Amino acid sequence: MEENSEKQLNFLEEIIEQGLNDGTYKSILTRFPPEPNGYLHIGHAKSICLNFGLAKKYGGKTNLRFDDTNPVKEDTEYVDSIQNDIRWLGFEWAGVHYASDYFEQLYEWAEKLIMKGLAYVDDQTLDEIRQNRGTVTSPGKNSPYRDRSVEENLDLFRRMRAGEFEDGSKVLRAKIDMAHPNMMFRDPIMYRILHAHHHRTGDKWCIYPMYDYAHGQSDSIENITHSICTLEFDIHRPLYDWFIKQLEIYPSHQYEFARLNIDYTVMSKRKLLQLVKENYVSGWDDPRMPTICGFRRRGYTPESIRAFCDRIGVAKRDNIISYSLLEFSLREHLNKVAQRRMAVLNPVKLVIDNYPDNQEEMLTAINNPENENDGTRQVPFCRELYIERDDFMENPPKKYFRLSPGNEVRLRYAYFVTCQSVEKDADGNITCIHCTYDPATRGGDAPDGRKVKGTIHWVSARHAVDAEVRMFDRLFATEAPDEAPEGKTFLDNLNPNSLQVLHGCKVEPCLADDVKSNVTENGVAAPHRFQFERLGYFCTDPDCNDGHLVFNRSCTLKDSWAKING
RNA sequence: UGUCCUAUGGUGUAACGGUAGCACAUCUGACUCUGGAUCAGCUUGUCUAGGUUCGAAUCCUGGUAGGACAACCA
């Protein structure tokens, strides 16, 4: 298995191993380069796991670099959240860098390019530049300012920096080829004038470099060996290489992989921002959001997200991963580590008529059958209990193993009970189920060896604690929410039932104590996670306070009854 | 009438000229004090047409399909 997985390398691992073997580099240095203009999402997690994971695997390092070349969109709120999320995922960077740290160097290199006759100041308007760029199938036209002298360009560029010109009145362009079949080469803009306050450099600059002029050089300055990015930058690579070549600086190389897509969700920062800003969700960390902080609040573990990223692989073809793979990764981890508790989400009262009214007892429950070290706990039991409404049917279909008139089931870790009768209200709703129990089955086993097919969970009505439980479903109702018909947008694909809040749920009393301690994960606050038996995995929400318990459903258990039942 | 990238089961991803494998999903069965977990098993795939070769998922050519590129965004 080990041997096998070592042999089956993805294309990036092959590139790295080849470079290591032929001595192109002694060790590798990667970077994760987010723009601080939004929160990280699961797609970034893929990139993080790749960049940090690859470096780790080959004994290299990874820099965190904020690509902060557009002051109007960026904010320190985002740089904080990004660092938080990377740490929580379990990765540590070698150094934190900012593209803005390199503004001075970038500026000097721009002058160098001007002096080599490879850059010029263009006075055309935005519109003119657009017009003259041509289209993908037709060549562009040279700017009338394209042949200014080196001296004039230098003078103008220095005055741009000095703040003599209005926003949008001039740009610095690389002088390449306005007829190039690759649009990226049609005299790409290197600098624009932006009299805007930058979150780090303040008002020092009024000209800011464009992505193409900043990214490769930033990689080069840091001696990044492998600059790994998503496919849409593929077409930028020749430009990336061009600047490095003309500047005669360290040759970092760019490699592209296909970004992550998951069904029933959207992955664009712009759309996620819109969901937040227009209040379709409660915030960036709404548990329905595909953001890292959303998944964290939903109860996902760093381990499960890393396992997911491992499993989806990496290649260059477009892909849409099934959400169920994410849930599988979560269940796989939580099944091993989450303690079990009993909680009744939709309670109906059950009375054991032959159990003495004045009697109470404690029963022993196993905390986690997957981990003996988690031990056991005591659960209070008495004459009156709550069970799940779904666990009783007056007229059950075939193969229904749960409680029904005359049928015997096991109350988990407690007793066998048999349903004798039900009480109903005027509308015919069941208000109370009457049972008798067999005292000999204490703990859940029958000394006479008789078996029951069904085991149901319960909580003592006298001891239960109230809780609010938030049931989440997919945020979008359609598999590919980005694909909206004419006149519609992705917002029309929102699932109106993505959140269902349940009040008056009844949970085991010990949960009230469980919730009191603080949990951190890699230094970041994290929720308590439990398996509510037979229901799914749930975690505490930050909205919990002293008198009020709030749980989020992270995911359900696999439910083969639901399948049978349709 | 552009340049570039991509094409393997339902979904992902391996196979590097020599037995198409793995995971998820699906379906069967076993087991079970969670209709969970676990275990065993079944079904399902090389876009297409040529070419090279003893042999092609793999190399070559054409086609088809999908994607990226025409922000003073990244």
Side-chain angles (χ1 to χ4, degrees), chain A residues 1 4-5 7-10 14 33-35 37 67-70 72-74 99 122 125-126 129-130 133-140 167-173 180-186 189-194 207-208 210-212 214-215 229-238 256 258 263 269-270 310-322 324-329 331-332 335-336 340 342 365-366 369-370 399-402 410-414 416 443-445 451-457 531-536 556-565:
Chain A
M1 201 63 178
N4 219 13
S5 67
K7 277 182 188 167
Q8 298 187 347
L9 304 176
N10 64 50
E14 284 183 2
E35 183 188 11
N37 69 342
D67 222 338
D68 55 351
T69 57
N70 186 4
V72 302
K73 285 189 177 172
E74 295 150 8
D122 193 349
T125 63
L126 211 179
I129 290 178
R130 243 177 231 163
R133 185 148 32 216
T135 71
V136 289
T137 51
S138 61
D167 285 8
S169 59
K170 286 181 169 47
V171 291
L172 183 73
R173 290 234 249 174
H180 199 105
N182 180 344
M183 299 289 293
M184 302 311 303
F185 275 106
R186 320 251 262 228
I189 293 168
M190 295 164 59
Y191 274 91
R192 76 283 213 187
I193 301 172
L194 233 41
I207 56 171
Y208 290 93
M210 299 287 290
Y211 169 86
D212 284 300
H215 201 97
C229 63
T230 46
L231 244 35
E232 65 268 29
F233 292 100
D234 169 280
I235 199 152
H236 295 247
R237 186 177 357 101
E256 310 85 20
D263 56 9
K269 273 199 206 175
R270 201 203 95 236
D310 273 351
R311 242 183 290 256
I312 58 177
V314 53
K316 297 191 76 157
R317 62 192 102 110
D318 293 332
N319 61 85
I320 301 173
I321 307 285
S322 161
S324 64
L325 189 61
L326 202 38
E327 294 196 318
F328 168 80
S329 301
R331 289 192 191 108
E332 176 189 51
N335 177 48
K336 292 278 183 281
R340 314 280 118 137
M342 289 198 283
I366 294 165
E370 304 289 325
K399 291 197 197 162
Y400 185 81
F401 307 151
R402 285 112 96 151
R410 173 171 31 238
L411 294 174
R412 177 135 236 228
Y413 298 126
F416 287 13
D445 286 304
K451 302 281 182 197
V452 291
K453 194 77 174 152
T455 299
I456 65 174
H457 61 278
Q531 183 195 103
F532 289 170
E533 297 226 19
R534 302 209 304 131
L535 297 175
T556 61
L557 256 24
K558 278 174 75 174
D559 187 349
S560 46
W561 167 245
K563 266 174 209 156
I564 296 168
N565 203 29

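No experiment lies behind these values; they were computed from the predicted model shown. Lettering follows sequence order; numbering is per chain, from 1.
Residue A:Arg133 is classed as a sugar-phosphate contact, given heavy-atom separations below 4.0 Å to backbone atoms only. Across all strands, A:Val452 comes closer than 4.0 Å to no nucleic acid atom at all (heavy-atom distances). Among the heavy atoms of the strands, none lies under 4.0 Å from A:Tyr208. Using a 4.0 Å heavy-atom criterion, one finds that A:Tyr191 contacts no nucleic acid atom at all. When heavy atoms are screened at a 4.0 angstrom cut-off, A:Arg402 is found touching base atoms of the nucleic acid. In this structure, A:Asp167 reaches neither bases nor backbone, as no heavy-atom distance under 4.0 Å exists between it and the strands shown. Looking at heavy-atom distances under 4.0 Å, A:Tyr400 makes contact with a base. Heavy atoms of A:His215 sit nowhere under 4.0 angstrom from any nucleic acid atom.
Considering only side-chain atoms of A:Met210, the nucleotide from B:U34, B:C72, B:A23 that sits closest is B:C72. Relative to the side chain of A:Arg130, the nucleotides B:G35, B:G21, B:C72 differ in distance, and B:C72 lies closest. Taking the side chain of A:Phe328 as heavy atoms from C-beta on, and the options B:C24, B:A74, B:G35, the nearest nucleotide is B:C24. The listed nucleotides are B:A71, B:A25, B:C69; the one nearest the side chain of A:Ser324 is B:A25.
Base orientation for B:A71: syn, the chi torsion being within 90° of 0.
The gap from the C1' atom of B:C59 to that of B:A70 amounts to 35 Å, rounded to the nearest Å. B:A7 and B:A15 have their P atoms separated by 12 Å, given to the nearest Å. B:A23 sits 27 Å from B:G17 when the C1' atoms are compared, rounded to a whole Å. B:G18 and B:G12 have their C1' atoms separated by 26 Å, given to the nearest Å. Here the separation of B:U46 from B:G21, taken at their P atoms, is 13 Å to the nearest Å. Nucleotides B:G45 and B:U6 have their P atoms positioned 26 Å apart, rounded to a whole Å.
For A:Lys316, the salt bridge (Lys or Arg N to Asp or Glu O under 4.0 Å) test picks out A:Glu256, with sequence neighbours left out. Contacts of A:Arg410 classified as salt bridge (Lys or Arg N to Asp or Glu O under 4.0 Å), with partners at least two apart in sequence or in another chain: none. Partners of A:Thr137 under the side chain to side chain donor-acceptor pair (under 3.5 Å) rule, at least two apart in sequence or in another chain, are A:Thr135.
Between the CG atom of A:Leu326 and the P atom of B:U11 there is a distance of 19 Å, rounded to whole Å. In this structure, CD of A:Glu74 is placed 7 Å from P of B:A74, rounded to the nearest angstrom. Atom NZ of A:Lys563 is separated from atom C1' of B:U28 by 13 Å (rounded to the nearest Å). To the nearest angstrom, C1' of B:A74 lies 7 Å from OH of A:Tyr211. Whole-Å rounding puts the A:Glu327 CD to B:A23 C1' distance at 16 Å.
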Each nucleotide of nucleotides 36-43 of chain B classed B (base within 4.0 Å of a protein heavy atom), S (only sugar-phosphate) or -, in 5' to 3' order, makes BS------
Symbol by symbol from the 5' end, with Watson-Crick or G-U pairs under 3.5 Å, [ ] crossing and | another strand, RNA chain B is .((((((..((((....[..))))..((((.......)))).....(((((..]....))))))))))).....
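The closest side-chain heavy-atom distance from A:His215 to A:His236 is not below 4.5 Å.
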Table of protein N/O atoms under 3.5 Å from nucleotides 1-6 of chain B N/O atoms:
from, atom 1, to, atom 2, distance (Å)
B:G2, N9, A:Val136, O, 3.3
B:G2, N2, A:Pro181, O, 3.4
B:G2, N3, A:Val136, O, 3.0
B:C4, O2', A:Asp234, OD1, 2.8

